[in-house]
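Heads up, the thing below is written out as structure tokens.
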Protein chains: 2
Amino acid sequence: MFTDVHDLNLFVPSREDLPPSTASEREETGARGSRKQRTRDALLEAALRLMREGRSFTGLSLREVTREAGVVPTAFYRHFRGMDELGLALVEEGGVTLRRLLREARRTDVQFTNMIRGSVLVYKRYVEDNRLQFLFIAGERAGGSPQIREAIRREVTHFTNEMAQDLRGLGAFPGLSIGTLQMICGLVVNCMLNAAIDILDLPPNQPLQEQELVDNFVRQVRIIFLGALRWKEKG
Amino acid sequence: MFTDVHDLNLFVPSREDLPPSTASEREETGARGSRKQRTRDALLEAALRLMREGRSFTGLSLREVTREAGVVPTAFYRHFRGMDELGLALVEEGGVTLRRLLREARRTDVQFTNMIRGSVLVYKRYVEDNRLQFLFIAGERAGGSPQIREAIRREVTHFTNEMAQDLRGLGAFPGLSIGTLQMICGLVVNCMLNAAIDILDLPPNQPLQEQELVDNFVRQVRIIFLGALRWKEKG
DNA sequence: AGTTTCAGTGTACAAGTGTTGACTTTCCGT
DNA sequence: ACGGAAAGTCAACACTTGTACACTGAAACT
């Protein structure tokens, strides 16, 4: 019922729906400000880059990050009080990414099966494109420091709620209260984050394994929505 | 239909079903062997204990662990090649715990709603009782080294498959293939591990928050099973 | 008995860590 | 154009880290 897989989906807005600014949020004016912002971004990016080879954020050292970013260790303190604060900044940045991932799903009456499969494929691509962000979020969601874990939990909840709102706006489950929708979306988001780990751990050029993973993911989301259709409020 | 919440459940066997031996698996004979085993266990336990305060395994140092265990750093190498190998041993131990958690659920025809709620409550208690193990498993599932992640994934899959077998033996979903059951159990297990994190992060003596968490968990599992009931094979 | 095996100890070292204070350089407001 | 604020550098510190090597003492084998 739609020509392109990107046309309709649950999770990810089409390209033209994305806000134009990909740059960082808190901008400073002037040459000095932008310079500061640049090395700040360099630090954040360096941390993410170091996690690429399977290292966890918690195992990174301050000096490593500055080395990767191309600045001297002490320069770090001009931006963050310590690694923990850098972690929190990463959470915030990742949260923005996640929320952008959703934004506005469109009203549709296409069958769920097609819609789900399309959404999953787009999500997969999205995870692969934002590999490092997802590595961080998924990895530290349970393993990071209590503070970071808390921050991530907040972001995920935020994301979940937005998704519930969208689903409601979609008019897909008219019988369900917003609370129930949130619960269901929590399940889906959990499923998504779990799949993100699997996607990221996928060895490259193994289309069979890849197909299997996607299929499983699709079936799981479908199960959830089937359950949602049958859910009786206050039952 | 059952008097005690512990009588019937999906996840956890009753006390009397548990195998008697809580001791470690690979036993060595002789005084020296048992001595070695004791400090080996001390090391494993020390690592878990250090994670109690919200630290992640990846962030632990070899010396820290030996310090906590009450041995000199170099003694470590008599047992493990390095921290990574200790981690793998922890996974194995945790896997045993998880599998013991399931073992044999009994045949029953009680309504799902009651059964699910009971199971969830027992599971919650189980997580609280095995706090450290779950902290490790859930925390390193996405955050640990690639090797450890892989090992955990294997254990979780193993656990999932056993659960699918049990569900099939229960005769609850006669129309579903074993593959579909595995997919569904994967969803449930994922939901369980996620809930484990929440349970462990729960501030003590907050019955309201606790109730909320349990209710949500119950609803999510219920959704999954509702979806399973409606699932059409090869649809 | 004497000998071998081996878990655990003690010492040592090179390398990496977080953080400090005093410095240079660069940009901005006046 | 000058003075000050502030981003980034340099050198140094007190520690911690992983690991190598020679050792001790007790259990196990002959």
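Lettering of chains follows the sequences in order, A, B, ..., and the numbering in each one begins at 1.
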Pairs of donor and acceptor atoms involving the side chains of residues 136-143 of chain A, under 3.5 Å and at least two apart or interchain, shall be tabulated with distances.
| residue | atom | partner | partner atom | Å |
| --- | --- | --- | --- | --- |
| A/Glu140 | OE1 | A/Thr58 | OG1 | 2.8 |
| A/Glu140 | OE2 | A/Phe57 | N | 3.3 |
| A/Arg141 | NH1 | B/Asn194 | OD1 | 3.0 |
| A/Arg141 | NH2 | A/Asn190 | OD1 | 3.4 |

Shortest non-hydrogen contact from B/Gln220 to B/Cys191? OE1-SG, 3.3 Å
Closest heavy-atom pair and its distance - A/Met51, A/Ser56: CG-C, 4.2 Å
Counting only heavy atoms from other residues, nucleotides and ligands, does the tally under 6.0 Å from CD of A/Gln147 exceed 12? no
Spacing of [atom1] belonging to [X] relative to [atom2] belonging to [Y], to within rounding of 0.5 Å:
{"X": "A/Tyr126", "Y": "A/Gln133", "atom1": "OH", "atom2": "CD", "answer": "8.0 Å"}
{"X": "B/Glu93", "Y": "B/Glu155", "atom1": "CD", "atom2": "CD", "answer": "11.5 Å"}
{"X": "B/Glu210", "Y": "B/Leu202", "atom1": "CD", "atom2": "CG", "answer": "5.5 Å"}

Mind jotting down which residue pairs meet the salt bridge (Lys or Arg N to Asp or Glu O under 4.0 Å) criterion with at least one end in residues 188-199 of chain B? Sequence neighbours excluded, please. A/Arg153-B/Asp198
What salt bridge (Lys or Arg N to Asp or Glu O under 4.0 Å) pairs are there with at least one residue in residues 52-63 of chain A, not counting sequence neighbours? A/Arg55-A/Glu64
Please report the distance, rounded to the nearest Å, between [atom1] in [X] and [atom2] in [N].
{"X": "A/Leu86", "N": "C/dG18", "atom1": "CG", "atom2": "P", "answer": "12 Å"}
{"X": "B/Leu62", "N": "D/dG18", "atom1": "CG", "atom2": "P", "answer": "5 Å"}
{"X": "B/Lys36", "N": "C/dG8", "atom1": "NZ", "atom2": "C1'", "answer": "11 Å"}
{"X": "A/Arg40", "N": "D/dG8", "atom1": "CZ", "atom2": "C1'", "answer": "17 Å"}
{"X": "A/Gln37", "N": "D/dA6", "atom1": "CD", "atom2": "P", "answer": "16 Å"}
{"X": "B/Arg35", "N": "D/dT24", "atom1": "CZ", "atom2": "P", "answer": "17 Å"}
{"X": "B/Leu50", "N": "D/dT17", "atom1": "CG", "atom2": "C1'", "answer": "15 Å"}

Let's see if you get this right: which residues in residues 68-84 of chain B place a heavy atom under 4.0 Å from DNA chain D? B/Thr74, B/Tyr77
Can you see whether B/Glu212 engages B/Asn216 through a side-chain donor-acceptor pair at a distance of less than 3.5 angstrom? no
4.5 Å side-chain heavy-atom contact, B/Met192 and B/Phe217: yes
Polar atoms only, N or O, under 3.5 Å: list the protein pairs with nucleotides 12-14 of chain D and their distances.
none

Nucleic acid contacts - residues 53-60 of chain A versus DNA chain C, non-hydrogen atoms under 4.0 Å: none
Would you say A/Arg67 places a side-chain N or O within less than 4.0 Å of OP1 or OP2 belonging to C/dT17? yes
